[in-house]
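Below, chains carry the letters A, B, ... as their sequence lines are ordered, and counting in each starts from 1.
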Number of protein chains: 2
Amino acid sequence: MPARPAPANDTDAASRMLQAAAGLYAEKGIGKVSLRELTARAGVNLAAVSYHFGSKDGLAEAVFETLSRRVNGKRIADLDAYLAGLGTRRPALDEVLSLFVAPYLETGNEQQGVLLARFIVQHRLEPSALTRKVIRKHFDPMAKRFIAALALACPHLEVRDISWRYLFTVSAVVLTLTDTTKNNRIARLSGGKADTSRTDELRVALLDFLRGGIWGDAPSANGSRRRR
Amino acid sequence: MPARPAPANDTDAASRMLQAAAGLYAEKGIGKVSLRELTARAGVNLAAVSYHFGSKDGLAEAVFETLSRRVNGKRIADLDAYLAGLGTRRPALDEVLSLFVAPYLETGNEQQGVLLARFIVQHRLEPSALTRKVIRKHFDPMAKRFIAALALACPHLEVRDISWRYLFTVSAVVLTLTDTTKNNRIARLSGGKADTSRTDELRVALLDFLRGGIWGDAPSANGSRRRR
DNA sequence: TTCAAAGTCAAACGCGTGTTTGAAACACCT
DNA sequence: AGGTGTTTCAAACACGCGTTTGACTTTGAA
């Protein structure tokens with residue numbers, strides 16, 4: 001059990017491993033990174049993982065704990081600030097959605113968005129003790145805050161509807177972000193007219209879709225669902 | 001190289017393996033099934049996989065080839081029938097969406113929906129030669145048909161918008177379906193008010209969301225996006 | 001300078017995996 | 001009944017993985 005010095009700089013072995021892990025997770029997927037590959041990239045001995053983090057899972061937990069705490073802490077803080085600035089006025093759906101989507105689309109920090117998305121998708125596909133722990137601790141509270149904010153922004157909807165639509169929103173965002181490689185599916189299907197790797201375009205398209213989906217005012221088959 | 005007899009019944013070793021594979025893929029995830037576990041459930045010797053399917057990947061390919069061909073063939077056929085019955089009238093967005101979503105939500109065949117969803121999500125998270133092949137062969141053509149149909153149903157939208165929204169739609173559907181276990185996330189977040197395991201409820205909520213998202217007529221932040 | 005703690009390193013261990021082997025059992029036609 | 005091609009089976013193989021070991025090097029305070 002090592003005594004971790006509090007201020008670790010970037011040339012630290014542990015920091016290099018964390019960086020290498022984050023990079024490889026984002027590039028290849030969380031489950032497809034071997035310790036030999038990881039330590040090679042970090043320029044560190046194989047045994048260093050066990051020494052500094054206890055195990056492979058310990059390293060992964062450190063990566064996602066850090067990431068989740070930072071990202072969701074900022075999301076909650078930004079949401080609070082926005083709501084506080086409103087006074088008694090109703091929050092705008094667009095603004096709430098923008099705040100939610102922000103960490104996935106932050107320009108200049110694409111790796112963070114992809115990593116975050118991969119983590120969520122991984123948890124949905126093959127939940128593990130690790131992902132469950134991080135989700136419950138860092139994502140569930142944030143989700144509840146945003147569901148509450150969405151309810152304020154959409155007074156015509158019940159909490160049940162909001163919950164469903166929040167879930168669909170998350171799904172659309174994270175799965176889209178896991179396909180940002182060249183020749184991604186949308187580029188292929190649209191003949192290049194749309195492309196996940198053009199982030200600005202993606203943001204606009206995504207917000208258009210989510211706004212409509214959450215607000216929920218479109219003509220239905222029997223025309224009975226008009227409410228506003 | 002075995003000579004596969006054309007009519008294979010359910011007590012066939014190969015059929016039993018296919019069934020066991022499909023079941024285990026749906027239950028545990030595609031990447032988490034070992035051949036020893038699979039052959040044990042199928043009541044078959046370990047070497048039978050190599051003998052009948054060449055390799056582990058060969059078995060997986062057989063599973064998803066069959067599933068994808070059947071499901072997407074039916075989707076295309078149903079869409080064609082619907083469009084043909086319309087004559088020159090404009091297709092209804094709700095109907096097109098229902099046809100698209102159908103194989104994921106077919107009652108009495110839940111395993112199919114989950115398996116399908118898992119396959120798509122797996123491909124997005126960690127694409128492999130296998131998933132790429134099946135996607136290009138069986139899903140891309142179907143997707144293009146539905147995008148075209150959606151364009152007919154939504155004449156106010158450009159193909160680019162439709163492509164984006166189709167992608168978001170797929171994302172919302174498949175990722176939602178990978179979390180249908182007890183104590184799923186939406187049940188936890190909504191305090192039980194919504195629950196992925198109640199299929200009828202899920203269908204309604206999903207179609208409400210998708211209709212609104214695709215049609216895209218909701219008040220935006222600056223109020224400028226009103227078009228119909 | 002000394003010495004114990006912290007960190008690094010090459011090597012090996014144990015385990016589960018997909019795959020292969022070669023013999024045995026079976027099926028089916030002549 | 002004989003014989004050929006198909007299918008099953010237990011056993012072993014080769015490999016990559018996460019982890020552990022024990023010796024070596026570095027660090028930093030007394």
Please enumerate all protein N or O atoms sitting under 3.5 Å from an N or O of nucleotides 20-27 of chain C, with distances to 0.1 Å.
none

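Looking only at side-chain heavy atoms (C-beta outward), B:Leu177 and B:Leu105 come within less than 4.5 Å of each other.
Among residues at least two apart or in separate chains, ring-ring contact (aromatic ring centres under 6.0 Å, His included) pairs with a member in residues 16-37 of chain A are A:Tyr25-A:Phe64.
The aromatic rings of A:Trp164 and A:Phe168 lie parallel to each other, with less than 30° between the two planes, well short of the 60° mark.
Looking only at atom types and distance, the side chain of A:Arg41 has no donor-acceptor partner in the side chain of A:Gln19 under 3.5 Å away.
B:Tyr51 places its OH atom 19 Å from the C1' atom of D:dA11, with the value rounded to the nearest Å. Straight-line distance from the CG atom of B:Asp57 to the P atom of C:dT17: 16 Å, rounded to whole Å. Summarising the geometry, the separation between CG on A:Asp12 and P on D:dT27 is reported as 13 Å, rounded to the nearest angstrom. What separates NZ of B:Lys56 from P of C:dG16 is a distance of 15 Å, to the nearest Å.
In the region residues 26-44 of chain A, proximity to DNA chain D at under 4.0 angstrom, judged on heavy atoms, holds for A:Val33, A:Ser34, A:Leu35, A:Arg36.
Other residues, nucleotides and ligands place more than 12 heavy atoms under 6.0 Å from the CD atom of B:Glu61.
Checking the phosphate oxygens (OP1, OP2) of D:dT8, a side-chain nitrogen or oxygen of B:His52 falls inside 4.0 Å.
Taking each heavy atom of B:Arg124 and B:Ser171 in turn, the nearest pair found is NH2-OG, 3.2 Å.
A donor-acceptor pair under 3.5 Å is absent between the side-chain atoms of A:Arg145 and the main chain of A:Ile76, judged by distance alone.
Looking at B:Lys28 and A:Glu126, no side-chain N of the basic residue comes within less than 4.0 Å of a carboxylate O on the acidic one, giving no salt bridge.
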